[in-house]
Visitor: 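Right, I'll just put the structure down here and ask away after.
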There are 2 protein chains.
Amino acid sequence: MDMIEAAPNPVTAVMRALADPTRRAVFERVFDSKEISVAELTRGSGVTQGAISQHLKSLKQAGLVAERAEGRNVYYRAAPQGLEPLVTWMDHYGVFWRERFQNLRDLLKEIDS
Amino acid sequence: MDMIEAAPNPVTAVMRALADPTRRAVFERVFDSKEISVAELTRGSGVTQGAISQHLKSLKQAGLVAERAEGRNVYYRAAPQGLEPLVTWMDHYGVFWRERFQNLRDLLKEIDS
DNA sequence: TCCATCAATTAGCAATTACTAATGCATTAG
DNA sequence: CTAATGCATTAGTAATTGCTAATTGATGGA
């Protein structure tokens, strides 16, 4: 068992994990469910159960999901804090505030009227 | 010349473009400069000019940079709107508001005191 | 004019990736 | 107990990726 893994930048890890459409779809489904089993995730995913398990492993390593075993099922749930590196990165590049402040302004205007 | 390219999801395109650390570093440097030439970008990048050009091509295709030719130089600048797909995606998954509202709350508290 | 510089493109390569099929190990059902 | 189910892991694969070295074409300076 080779635990040494030369941890890449968290931003890189998260981006890489979400860059693949299949894997991102898995994350989205996990996110949308409170909890979801591997079998359920496999259904209608278009790939095999093995592939799903592999994607879940990647997502877990990126800190984007967590799991809970129960009986022969393993239930996965999203770990939204895992997205923090992305938020921070984008924040640093100023995208949020510009866009969001506009939204906030609109919101306040609505409340005012 | 093969212009057909089977355009992937914009989110996938942007994520893929930014997932590679070297390429992301290029984007960051372009972003931090108003404009920057390929030669300048190559300096201290650790890779060859050819590699930089390839990365710029990817970034351009993802809508993250734009360029302007002048003489024998080509100056690149960031296209922050290119990040929109990412913002939208994350927004949909609710990350912003939670985090940012907290910040906003802190900010307002500060102003109050 | 001749030479240096800038940048894009190409071929070739090693490494990585996403997948399947198969296997093994638990756990539950009959 | 036996069979079926859920999941992880592995070996093997085809495709993709990121890089270099080299080439080409254009522009600018001496």
Side-chain angles (χ1 to χ4, degrees), chain A residues 1-9 12-27 29-30 33 35-62 64-77, chain B residues 1-9 12-27 29-30 33 35-62 64-77:
Chain A
M1 237 198 276
D2 201 352
M3 283 300 180
I4 313 140
E5 192 55 34
N9 185 309
T12 304
V14 175
M15 290 261 195
R16 264 222 269 269
L18 297 172
D20 180 72
T22 312
R23 188 162 46 236
R24 193 171 62 252
V26 170
F27 174 76
R29 275 185 80 189
V30 172
S33 331
E35 273 195 335
I36 186 166
S37 70
V38 179
E40 179 97 13
L41 278 170
T42 303
R43 258 189 262 300
S45 70
V47 298
T48 62
Q49 175 266 314
I52 294 293
S53 276
Q54 287 167 23
H55 284 310
L56 287 168
K57 187 176 182 179
S58 297
L59 291 169
K60 185 180 164 188
Q61 285 179 137
L64 290 167
V65 301
E67 94 270 45
R68 173 182 71 88
E70 179 182 316
R72 55 185 174 185
N73 295 330
V74 176
Y75 295 98
Y76 282 83
R77 62 185 177 283
Chain B
M1 237 197 278
D2 200 353
M3 282 300 180
I4 314 140
E5 191 55 36
N9 186 307
T12 304
V14 175
M15 290 263 195
R16 263 222 268 271
L18 296 173
D20 180 73
T22 312
R23 188 161 48 236
R24 192 171 63 251
V26 169
F27 173 76
R29 274 185 78 189
V30 171
S33 331
E35 273 196 334
I36 186 167
S37 70
V38 179
E40 179 95 11
L41 277 171
T42 303
R43 257 190 262 299
S45 71
V47 296
T48 62
Q49 176 265 315
I52 294 293
S53 276
Q54 288 167 23
H55 284 310
L56 287 168
K57 188 176 182 178
S58 297
L59 291 170
K60 185 181 164 187
Q61 285 179 130
L64 291 167
V65 301
E67 93 269 47
R68 172 182 71 86
E70 180 182 315
R72 55 185 174 183
N73 294 330
V74 176
Y75 294 97
Y76 281 83
R77 62 185 175 284

Visitor: A:R16 CZ to D:dT17 P: how many Å, rounded?
Guide: 13 Å

Visitor: Going by the rule side-chain contact (heavy atoms from CB on, under 4.5 Å), which residues pair with B:R77 if we only count those two or more places apart in sequence or in a different chain?
Guide: B:E35, B:A66, B:R68

Visitor: List the residues meeting ring-ring contact (aromatic ring centres under 6.0 Å, His included) with B:F27, not counting sequence neighbours, and say none if there are none.
Guide: B:F31

Visitor: Any side-chain hydrogen bond (donor to acceptor under 3.5 Å, both in side chains) involving residues 37-49 of chain A? Give me the pairs, sequence neighbours left out, ordered by first then second residue.
Guide: A:Q49-A:S53

Visitor: Donor-acceptor pairs are to be reported for all side-chain atoms of residues 17-25 of chain A against protein atoms at under 3.5 Å, with residues two or more places apart or in another chain.
Guide:
residue	atom	partner	partner atom	Å
A:D20	OD2	A:T22	N	3.3
A:D20	OD2	A:R23	N	2.9
A:R23	NE	A:A17	O	2.8
A:R23	NH1	A:H55	ND1	3.2
A:R23	NH2	A:R16	O	3.3
A:R24	NH1	A:L18	O	2.8
A:R24	NH1	B:T12	OG1	3.4
A:R24	NH2	B:T12	OG1	2.7

Visitor: Under 4.0 Å from any heavy atom of chain B: name the first and the last nucleotide of DNA chain C that qualifies, 5' to 3'.
Guide: C:dA4 to C:dT10

Visitor: Scan A:T42 against the nucleic acid and name what it touches under 4.0 Å (heavy atoms): base, sugar-phosphate only, or nothing.
Guide: nothing

Visitor: In B/S/- notation, 5' to 3', how is nucleotides 19-30 of chain D contacted by protein heavy atoms closer than 4.0 Å?
Guide: BB------BS--

Visitor: Under 4.0 Å, counting only non-hydrogen atoms across every strand here, what does A:Y75 touch: a base, just sugar-phosphate, or nothing?
Guide: nothing

Visitor: Taking salt bridge (charged side-chain N to carboxylate O under 4.0 Å, His left out) as the cut-off, I'd like each qualifying pair that reaches into residues 46-55 of chain B, sequence neighbours left out, listed once.
Guide: none

Visitor: B:S53 or A:A19: which one's nearest nucleotide on DNA chain C is closer to the 5' end?
Guide: B:S53

Visitor: Is there a side-chain contact between A:V26 and A:V65 (heavy atoms, below 4.5 Å)?
Guide: no

Visitor: Can you tell me the distance, in whole Å, between the CE atom of A:M15 and the P atom of D:dG18?
Guide: 14 Å

Visitor: According to salt bridge (charged side-chain N to carboxylate O under 4.0 Å, His left out), who are the partners of B:K60, at least two apart in sequence or on a separate chain?
Guide: B:E67

Visitor: Grab the two heavy atoms, one from B:Y76 and one from B:L56, that are nearest each other, plus how far apart they are.
Guide: CE1-CD1, 3.6 Å

